[in-house]
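Working notes, structure below.
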Number of protein chains: 2
Amino acid sequence: MARTTGSHSEITGPRIREAALRLFAKHGYAAVSMRQIAREVGVQVGALYNYTPDKQALLFSLLQGHMDELLAAWEAEPRGADPLARLESFVRFHIRFNLARPEAIFISYMELRNLEPAPFAAIESLRKTYEQELEAILAQGRDAGVFQLDEPRITAFALIAMLTGVNTWYRADGRLSEPEVASLYWDMTRRAVGA
Amino acid sequence: MARTTGSHSEITGPRIREAALRLFAKHGYAAVSMRQIAREVGVQVGALYNYTPDKQALLFSLLQGHMDELLAAWEAEPRGADPLARLESFVRFHIRFNLARPEAIFISYMELRNLEPAPFAAIESLRKTYEQELEAILAQGRDAGVFQLDEPRITAFALIAMLTGVNTWYRADGRLSEPEVASLYWDMTRRAVGA
DNA sequence: GTCTATAAGGTGATAGAC
DNA sequence: GTCTATCACCTTATAGAC
């Protein structure tokens with residue numbers, strides 16, 4: 001299993017991130033050792049420290065990368081002009097994006113508490129930005145008289161929790177396809193906001 | 001800080017469980033050591049093993065105790081005769097019960113993966129029993145023509161995820177009281193099921 | 001039931017050779 | 001950039017004294 005010595009920075013870096021993501025999601029950040037990550041990648045533990053100053057920075061980098069990707073993907077998503085169409089875009093986008101990255105979603109919810117206050121606040125801020133995207137859609141729809149709701153912020157929390165929950169039970173080889181699931185959740189969402 | 005030697009089984013046992021629950025919820029099961037728990041309780045680490053065969057059994061016992069309490073409390077909950085009233089009972093019960101035990105709820109969702117297959121399956125089975133209580137209400141309402149929904153099981157997953165999400169943002173000293181929050185979620189639930 | 005001491009092994013991180 | 005070797009420390013769990 002010993003590897004030859006040499007320079008592999010272009011592939012080792014991503015491989016470390018992939019292994020860490022998979023292991024953190026499966027066993028939890030605290031339960032995974034740097035040695036385990038190194039073994040998975042096929043390098044010795046000392047080599048990891050060429051790519052991260054410490055274990056926590058590796059976790060932070062994964063979480064931040066995920067949130068950046070989420071916000072960029074939503075930014076790039078085609079969306080309808082009116083609040084109802086935008087809400088449907090958000091629901092379908094959220095489910096599609098989350099089901100494509102179950103491991104990143106998992107650690108984003110579970111491992112935040114392993115960050116020090118400053119990195120924690122940085123990730124929380126990105127999450128809040130995303131939540132506010134939905135909150136804004138809800139507030140616009142309410143102001144336009146399309147949605148019946150009193151608390152856009154709380155409704156946004158409730159809907160995001162509901163939508164993210166898909167990841168806990170959905171199986172790609174299950175009875176329902178992803179678009180079918182998205183349509184079910186869109187029906188519930190539409191009704192929940194009184195549209 | 002040294003304690004006198006002596007027999008304290010009636011108080012040490014519960015104190016170990018309380019300390020473990022609090023620490024597991026705050027830092028995560030894997031990140032908490034038996035020494036930390038012992039320090040919190042005010043005993044030496046060896047004494048813990050009079051109350052649990054090992055660390056994992058302590059986690060299992062906490063999770064099982066929580067699920068038993070949940071099922072017993074729902075069993076004892078007064079509930080309406082028709083599906084709509086029963087659904088409202090469930091929603092208000094779930095929010096009230098969860099907000100009263102944030103730490104137990106937290107570890108029930110986060111630390112399940114730290115159990116071996118057999119204990120894991122035992123807790124999953126209890127959770128499934130609870131989910132089926134809601135699923136049955138939804139199916140009854142659909143059959144009675146009171147609810148509009150095609151998938152009682154998936155609707156149950158969606159609603160439980162939504163309701164459990166309250167724990168992530170609710171603060172007792174916040175703007176909204178617990179009954180007000182419950183009413184907001186009941187409005188969304190009622191509409192989501194097409195009642 | 002609680003203590004102290006210890007076994008046996010894992011931890012994150014670093015230094016210096018190549 | 002990767003390796004080996006190592007530091008200083010922490011881990012779960014147990015044995016035997018009290």
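Not one side-chain nitrogen or oxygen of B:Y51 sits closer than 4.0 Å to the OP1 or OP2 atom of C:dG1. Side-chain N/O atoms of A:T12 include one lying less than 4.0 angstrom from OP1 or OP2 on D:dT2. OP1 or OP2 of D:dA15 has not a single side-chain nitrogen or oxygen of B:Y49 nearer than 4.0 Å. One finds a side-chain N or O of A:Q44 lying less than 4.0 angstrom from the OP1 or OP2 phosphate oxygen of D:dT4.
Atom pair A:R15:CZ and D:dG1:P shows a separation of 16 Å (rounding to whole Å applied). Distance, A:N50 CG to C:dT14 P: 12 Å, rounded to whole Å. For the pair A:I11 CD1 and D:dG1 P, the computed distance is 13 Å after rounding to whole Å. With rounding to whole Å, B:I16 atom CD1 is found 10 Å from C:dG1 atom C1'.
Heavy atoms only, all atoms of each residue included: A:P102 and A:N167 are closest at CA-ND2, 3.6 Å. For B:A182 against B:V91, the heavy-atom pair with the smallest separation is O-CG1, 4.4 Å. B:F147 approaches B:I137 most closely through the heavy-atom pair CE1-O, 3.7 Å.
Salt-bridge formation is not detected for the pair A:R15/A:E18: no Lys NZ or Arg NE/NH1/NH2 atom is positioned less than 4.0 Å from an Asp or Glu carboxylate oxygen.
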- Query: Yes or no on salt bridge (charged side-chain N to carboxylate O under 4.0 Å, His left out) for B:K128 and B:E131, after CA distance, side-chain angles and deciding distance?
  - Reply: CA-CA 5 Å; B:K128 194 172 177 179; B:E131 289 166 350; over 6 Å; no
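DNA chain C lies under 4.0 Å from at least one heavy atom of each of the following residues of residues 30-40 of chain A: A:V32, A:S33, A:M34, A:R35. Using a 4.0 Å cutoff on non-hydrogen atoms, the parts of residues 52-63 of chain B near DNA chain D are B:D54, B:K55, ordered by number.
Interatomic distance, CZ of A:R113 versus CE of B:M110, reported as 4.5 Å (0.5 Å rounding).
Classified by interplanar angle (parallel below 30°, tilted 30° to 60°, perpendicular above 60°), the ring pair B:F97/B:H66 is tilted. Ring geometry, B:Y130 versus B:H94: the interplanar angle falls under 30°, so the pair is classed parallel (tilted spans 30 to 60°).
For the salt bridge (Lys or Arg N to Asp or Glu O under 4.0 Å) test, residues two or more places apart in sequence or in another chain that qualify with A:E77 are A:R96.
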